[in-house]
K.L.:
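Dropping the structure in here first, questions after.
From a predicted model like this one, the values you see are computed outputs, not experimental measurements.
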Amino acid sequence: MRHLLAIADLERADIERILERAEGFAEVGRRDIKKVPTLRGRTIVNLFYESSTRTSSSFELAAKRLSADVVSVKAAGSSVDKGESLKDTITTLSAYGPEAIVIRSPDAGAADLVAGWTEAAVVNAGDGKHEHPSQALLDLYTLIRRLGSLEGKRIWIVGDVLHSRVARSNALAFGMMGAEVTVCGPPTLIPRAIDEALGCAVSHDLGGLGEADVVYALRMQRERMRESFIPSIREYVAGYQIDARRLGPRQLLMHPGPLNRGVEIAPEVIDGPNSLIAEQVESGLVVRMAILYELLANARPRPGGGRAADSEDVPAPTPIKEPA
Ligand code: CP
C-alpha cells in the first residue's frame, strides 16, 4: 500500500493485514514501555484543516509510539490563515522530507490531490463528505474483537448519512467483511442511490431496528448544513434518537464521536453495557499505529531519502575556517 485514501481502494486482505498488525500493537500497549523503534528517524506530518480530537491526537500518539518525529500543524494559527494554498502548504512541508502526511480537510478529494503533490505516503484523516478510512478500520477492529467475525451480521447506520464520511467508509468496510448494512435516516439526510453506490439497504424509519446486531449512530453534522434538512431537532429526536427504549439488550452500540448528547444518542445508552464507544476511541491508537506501519515500515526508501541515521553514523562537524 502506498497511501490510505479510501476504503474503496482496499482489498479485504489489506484490511485483515492492518487489523492483525493492530492486535500486535495492542500487546505492545500492555507493556511497561509502550514505545517501539520501528519508525525511528522517520518524519510524519499531521495537517488538520478541520477540528479533531480523536483522530489528530491518536495519529500523533501512534507516530510517537513508533518513535517517529512528528510535526502537527493545524490550519488555525498556521500560514493558511494568511491565505497560503493547500498545494503551497504541502510543497512547504514536503521540503522537510516527511515519509507520511496525515491530512484532514473539509473538501472531498483533498487527500487524493495531496498524494499527487508529495513523495510522502498520504493518509486521509477525513475529507469532507467523502471518506474517513482510518475510522472505518478502527470500527472494524473494535467489532471483530467483540464479535469474532462480521459475516452475516446486521449493522444499522442511523442518522445524518448525507453529510457523513464515516457512513460511506463504514458501509463499504462492513460490507467487505461480510456484514449486511442498512442506512437509516430521514429522506432529506439519505443520499439518493446510496444503496447502489454502497451495496446497502435503506430505511427511513427505525421500525426494523430490532433486527440489527449493531446500531451505529451518526453525529448530526450541523456545521455542514447550509439549509434546513429536518423540521426541528425535537422531531428528529422523536424519530431517530437511539435511546434505552430503542436499543435492545443484545444490540451493540457504536458512534464515531464527537457525540451530540441528547440529539442522535441519549445519555443513558452512551455509557451503558451495550456501548462500544470508549473501546472505539481506544482502538484508534493501535489501528493508526498499524496504518503508519503498513505505509512506512515496509516502504522502499524514497530516492535520495536514505536510511535513518544511527548516532554512530552522524559525521563529525566540519571545522569553521577562520577568515583569511
Ligand atoms: N471520529 C472522529 O473523527 O473524531 P474527531 O473529529 O474528534 O477526530
K.L.:
Mind checking the CZ-CD1 spacing from Phe229 to Ile190? Nearest 0.5 Å is all I need.
P.N.:
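Result: 12.0 Å between the selected atoms.
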K.L.:
Could you tell me if the side chain of Trp156 sits less than 4.5 Å from the side chain of Gln251, heavy atoms only?
P.N.:
no
K.L.:
Is it true that atom NZ of Lys34 has more than 12 heavy atoms of other residues, nucleotides or ligands lying nearer than 6.0 Å?
P.N.:
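Yes, the 6.0 Å shell around NZ holds more than 12 heavy atoms from other groups.
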K.L.:
Is Arg145 paired with Glu279 through a side-chain N to carboxylate O contact shorter than 4.0 Å?
P.N.:
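Salt bridge absent between Glu279 and Arg145.
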K.L.:
Does Ser67 reach the side chain of Lys35, with side-chain heavy atoms less than 4.5 Å apart?
P.N.:
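Yes - at least one pair of side-chain heavy atoms lies under 4.5 Å apart.
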K.L.:
Could you tell me whether a side-chain N or O of Glu131 sits under 3.5 Å from a main-chain N or O of Ile7, the two making a donor and an acceptor?
P.N.:
yes
K.L.:
Taking Glu211 first and then Arg250, would you say they form a salt bridge - that is, a charged N and a carboxylate O separated by under 4.0 Å?
P.N.:
no
K.L.:
Can you measure from CD1 (Ile18) to CG (Leu295) and round to the nearest 0.5 angstrom?
P.N.:
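One gets 7.0 Å once the value is rounded to the nearest 0.5 Å.
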K.L.:
Minimum heavy-atom separation for Arg2 and Thr118, please, with both atom names.
P.N.:
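Looking at all heavy atoms of both residues, the closest pair is NH2-O, 4.4 Å.
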K.L.:
So, Arg154 side chain and Glu180 main chain: donor-acceptor pair closer than 3.5 Å or not?
P.N.:
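No, the answer is negative, given that no donor and acceptor are paired below the 3.5 Å cut-off.
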K.L.:
Please round to the nearest 0.5 Å and tell me the distance separating atom NE2 of His130 and atom CG of Asp107.
P.N.:
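With rounding to 0.5 Å, NE2 (His130) is 12.5 Å from CG (Asp107).
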K.L.:
Return the minimal non-hydrogen interatomic distance between Leu172 and Ala197, and the atom names on each side.
P.N.:
CD2-O, 4.5 Å
K.L.:
Are the side chain of Arg104 and the backbone N or O of Asp127 linked by a donor-acceptor pair below 3.5 Å?
P.N.:
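Not at all, since once roles are kept as given, no pair shorter than 3.5 Å links the two residues.
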K.L.:
Are Glu294 and Arg21 within salt-bridge range, i.e. N to O under 4.0 Å?
P.N.:
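Not counted as a salt bridge, because no side-chain N and carboxylate O are separated by less than 4.0 Å.
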K.L.:
Would a distance-only check, ignoring hydrogens and angles, find a side-chain to backbone donor-acceptor pair under 3.5 Å from Asn260 to Val263?
P.N.:
no
K.L.:
Please confirm whether the backbone N or O of Leu296 pairs with a side-chain atom of Arg42, one donor and one acceptor, at under 3.5 Å?
P.N.:
yes
K.L.:
If we check side-chain contact (heavy atoms from CB on, under 4.5 Å) with Leu86, which of these qualifies: Ile103, Val80, Thr91?
P.N.:
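Passing option: Ile103.
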K.L.:
Keeping the roles fixed (side chain from Ser169, backbone from His132), state whether a donor-acceptor pair exists under 3.5 Å.
P.N.:
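Side chain of Ser169 to backbone of His132: a pair is present.
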K.L.:
Check this for me: does any side-chain nitrogen of one of Arg165 and Glu50 sit under 4.0 Å from a carboxylate oxygen of the other?
P.N.:
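Yes, this pair counts.
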K.L.:
Testing the 3.5 Å rule here: is there a donor-acceptor pair between the side chains of Thr182 and Ser203?
P.N.:
no
K.L.:
What pair of heavy atoms forms the shortest contact from Ala115 to Leu5, and how long is it?
P.N.:
CB-CD1, 4.3 Å
K.L.:
Can you establish whether the number of heavy atoms outside Glu11 located under 6.0 Å from its atom CD is more than 12?
P.N.:
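No, the 6.0 Å shell around CD holds no more than 12 heavy atoms from other groups.
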